[in-house]
There are 2 protein chains.
Amino acid sequence: MATDTRVLDDFKAAILAGRYAPRQRLVEAELCEDYSASRFAIRAALQALEAEGLVERIPNVGARIRDIGIDEAVEISEVRGVVEGLIARRAAERVSAAQAADLEEIGASMHAAVAAGDTGAYGELNSRLHSAVREIAGHDKASDIIARLHGQMVRHQYALSRVPGRSSVSVHQHQAIIDAVIARDGDAAEAAMRAHIASVIEALRATV
Amino acid sequence: MATDTRVLDDFKAAILAGRYAPRQRLVEAELCEDYSASRFAIRAALQALEAEGLVERIPNVGARIRDIGIDEAVEISEVRGVVEGLIARRAAERVSAAQAADLEEIGASMHAAVAAGDTGAYGELNSRLHSAVREIAGHDKASDIIARLHGQMVRHQYALSRVPGRSSVSVHQHQAIIDAVIARDGDAAEAAMRAHIASVIEALRATV
DNA sequence: GTCGCCTATATTGTTGACAATATTGTTGGT
DNA sequence: ACCAACAATATTGTCAACAATATAGGCGAC
């Protein structure tokens with residue numbers, strides 16, 4: 001169970017990659033074939049994924065991919081906003097000179113990606129920035145929660161990245177976060193992060 | 001598994017009631033006896049409780065009650081602070097007249113409990129206040145996270161309630177939260193809640 | 001006497017078969 | 001043609017026995 005973490009990892013990666021449709025039924029026997037694992041291992045994985053909010057299970061009926069609608073995605077983002085705000089504040093309080101340089105470099109690359117119209121690269125940099133800030137903050141509990149919430153959001157995240165002109169708006173918000181962290185201004189960093197997520201929520205509502 | 005929710009509920013309640021010591025080993029066979037359940041059901045419960053952060057499992061070795069130290073308790077409280085802040089803000093935006101009256105009544109009871117020196121009643125009212133605010137906010141995702149974090153904190157929560165003079169300090173903070181929510185002032189409600197949790201963190205650090 | 005190895009024991013991990021349950025399809029009646 | 005009851009199937013839930021692994025205690029060598 002804990003031994004065979006491979007099944008869970010692969011399965012989770014597949015869900016996060018969007019390889020399963022929302023509300024798709026997950027029959028244990030089929031999953032056994034797909035991941036060439038025993039039903040035992042599959043059940044353990046399903047239970048773990050249920051706890052992570054990625055899978056929904058109904059007793060005696062079966063499991064399915066949880067469908068997270070816009071309303072729930074907004075709620076998730078609201079929580080994410082305040083928790084990432086906490087992280088940004090902590091990052092501003094603890095950032096080192098070397099880390100500050102890293103952030104500045106990410107910011108420069110972002111501007112370059114926007115100028116080149118490379119949305120793929122921008123999305124990649126977006127992830128890198130958020131994870132860099134998390135690392136600087138060094139707040140395990142907050143990072144865990146963000147990871148969990150992010151997992152539930154992947155589908156909408158993907159939809160967001162395809163909204164045209166989105167990156168040219170968010171690049172300034174990202175820069176504001178970077179500037180505040182480098183300036184070691186906790187209040188400003190939290191405010192910038194919250195403003196950024198608020199804008200994400202707005203865009204999210206617009207994708208309906 | 002999902003059928004026999006009784007085992008999980010009882011077991012979880014026992015942990016939350018502090019009936020198991022931190023780092024206490026949880027041998028599956030013993031738990032089978034205690035809850036007169038099959039090993040199968042016990043394993044499912046253990047896995048669920050691991051996901052909730054109440055139990056820690058090491059492959060091929062076994063499960064034990066997770067020991068949450070002061071440092072981690074502080075981190076948990078920091079996250080709790082911002083998420084409860086969000087909840088308080090939402091509550092202020094959505095509170096109805098009847099709900100406002102309920103809050104005021106809780107506040108009055110709190111003052112009375114402090115005056116009477118009844119720490120038990122005060123603790124009870126504390127829970128009631130926070131859960132009333134959660135209900136007013138109607139933010140499922142935030143409430144879920146708070147519930148999970150609270151579960152991990154029970155031990156320290158108990159220690160806190162026994163700090164002498166703690167209630168006479170916190171009663172004013174609680175009143176500030178109530179006032180802000182009733183005034184429908186989101187900013188003030190969030191600030192009051194965060195100040196309250198900050199004070200809890202301070203007290204937490206002092207219990208070492 | 002102490003260190004390392006080895007065996008014994010306790011405990012968890014895994015499997016396959018079986019039971020319980022829900023869903024689907026079919027048949028007969030009106 | 002439609003509905004209800006029933007049978008057949010698919011799927012999950014549960015169990016008890018077995019395998020694998022880690023821990024603890026004892027034995028011998030130095």
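What you see below is based on every heavy atom in this structure, not just the backbone, and it leaves out hydrogens, waters and symmetry mates. All figures in this text were calculated on a predicted structure; none of them were measured in a lab. Chain identifiers are assigned alphabetically (A, B, ...) following the order of the sequence lines, protein sequences preceding nucleic acid strands; residue numbering begins at 1 within each chain.
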Decide, yes or no, whether a salt bridge links [X] with [Y] under the criterion of side-chain N to carboxylate O below 4.0 Å.
| X | Y | result |
| --- | --- | --- |
| B:Arg194 | B:Glu190 | yes |
| A:Glu78 | B:Arg90 | yes |
| B:Glu72 | A:Lys141 | yes |

Mind calculating the distance between [atom1] ([X]) and [atom2] ([N]) to the nearest angstrom?
| X | N | atom1 | atom2 | result |
| --- | --- | --- | --- | --- |
| B:Gln47 | C:dG13 | CD | C1' | 12 Å |
| A:Asn60 | C:dT21 | CG | C1' | 5 Å |
| B:Ile58 | C:dT12 | CD1 | C1' | 12 Å |
| A:Arg39 | C:dG16 | CZ | P | 12 Å |
| B:Leu31 | C:dT11 | CG | P | 12 Å |
| B:Phe40 | C:dA19 | CZ | C1' | 13 Å |

Item to check | Position toward the 5' end of DNA chain C (nearest nucleotide), A:Ser38 or B:Ala63 | outcome: B:Ala63
Checklist entry - Is B:Arg6 reaching over with its side chain to a backbone N or O of B:Tyr35, donor-acceptor style, under 3.5 angstrom? => result yes
Looking at [X], does any N or O in its side chain come under 4.0 Å of the phosphate oxygens OP1/OP2 on [N]?
| X | N | answer |
| --- | --- | --- |
| A:Arg57 | D:dT11 | no |
| A:Arg43 | D:dG13 | yes |
| A:Arg25 | C:dT23 | no |

Checklist entry - Taking the side chain of A:Val61 as its heavy atoms from C-beta onward, which of C:dT23, D:dA22, D:dG13 lies nearest to it? => result C:dT23
Next on the checklist: For a quick check of understanding: with a heavy-atom distance under 4.0 Å over all strands, which category does B:Leu26 fall into, base, sugar-phosphate or nothing?
Outcome noted: sugar-phosphate
Next on the checklist: Mind checking if A:Leu46 touches a base, just sugar-phosphate, or nothing, with heavy atoms under 4.0 Å?
Outcome noted: nothing
